[in-house]
Amino acid sequence: MKSEILIQSISKEIEIITKRIFAIKNAFYQTNNKNLRKRLSNEYSYLFNKFINLKSKVFLFIRQNQDNLSYSSILYEKYRRCEKLIFQNNNLFFV
């Protein structure tokens with residue numbers, strides 16, 4: 001039960017980070033203000049690093065549970081899909 005709560009928490013964090021990263025990318029393309037672009041770039045770097053750090057937690061859960069259909073496998077799949085989306089068209093930000 002405790003692991004399910006942790007998995008749900010990490011899943012929600014992945015979702016929040018992914019949505020914010022896409023919002024930053026959209027705002028970055030739509031603004032010409034250099035200061036705003038710098039702030040967006042810094043926030044993107046912070047969120048990107050936070051997302052990458054979640055990978056170890058996701059792999060920890062997947063190693064602990066070898067079932068094909070489990071909360072940890074769903075979390076792993078969600079992380080992989082979000083990772084592909086984040087790295088797609090990532091040529092603007094050099095992190």
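In this chain, residues are counted from 1 in sequence order.
- For the pair Ile10 and Lys57, the tightest heavy-atom approach, listed with the atom from each and the gap, is CD1-CB, 3.9 Å.
- For Lys78, the salt bridge (charged side-chain N to carboxylate O under 4.0 Å, His left out) criterion is met by Glu15, not counting sequence neighbours.
- Side-chain contact between Val58 and Ile14 is present, with heavy atoms from C-beta onward closer than 4.5 Å.
- Residues Tyr44 and Ile52 share a hydrophobic cluster, clusters being chains of Ile/Leu/Val/Met/Phe/Trp/Tyr side chains in contact below 4.5 Å.
- The main-chain N or O of Tyr79 is never found under 3.5 Å from a side-chain atom of Lys84 such that the two would form a donor-acceptor pair.
- Note on Tyr46 and Ile86: same hydrophobic cluster, where clusters join Ile, Leu, Val, Met, Phe, Trp and Tyr whose side-chain heavy atoms are under 4.5 Å apart, directly or indirectly.
- The ring-ring contact (aromatic ring centres under 6.0 Å, His included) check on Phe59 picks up Tyr76, with sequence neighbours excluded.
- Leu36 contributes atom CG, which lies 4.5 Å from atom OG1 of Thr31 (distance to the nearest 0.5 angstrom).
- Phe87 has its ring centre no less than 6.0 Å from the ring centre of Phe51.
- The CD1 atom of Ile17 lies 9.0 Å from the CG atom of Asn53; values are rounded to the nearest 0.5 Å.
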> Should Lys38 and Asn42 be marked as a side-chain contact (heavy atoms from CB on, under 4.5 Å) after you check the CA-CA gap, both sets of side-chain angles, and the distance that decides it?
Replying inline: CA-CA 6 Å; Lys38 185 174 180 173; Asn42 289 339; 4.0 Å; yes
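- Side chain of Ser11 to main chain of Ile7: no donor-acceptor pair is present (N/O by atom type, distance under 3.5 Å, no hydrogens or angles).
- Residue pairs satisfying the salt bridge (Lys or Arg N to Asp or Glu O under 4.0 Å) criterion with at least one member in residues 41-51, sequence neighbours excluded, are listed as follows: Glu13-Lys50, Arg20-Glu43.
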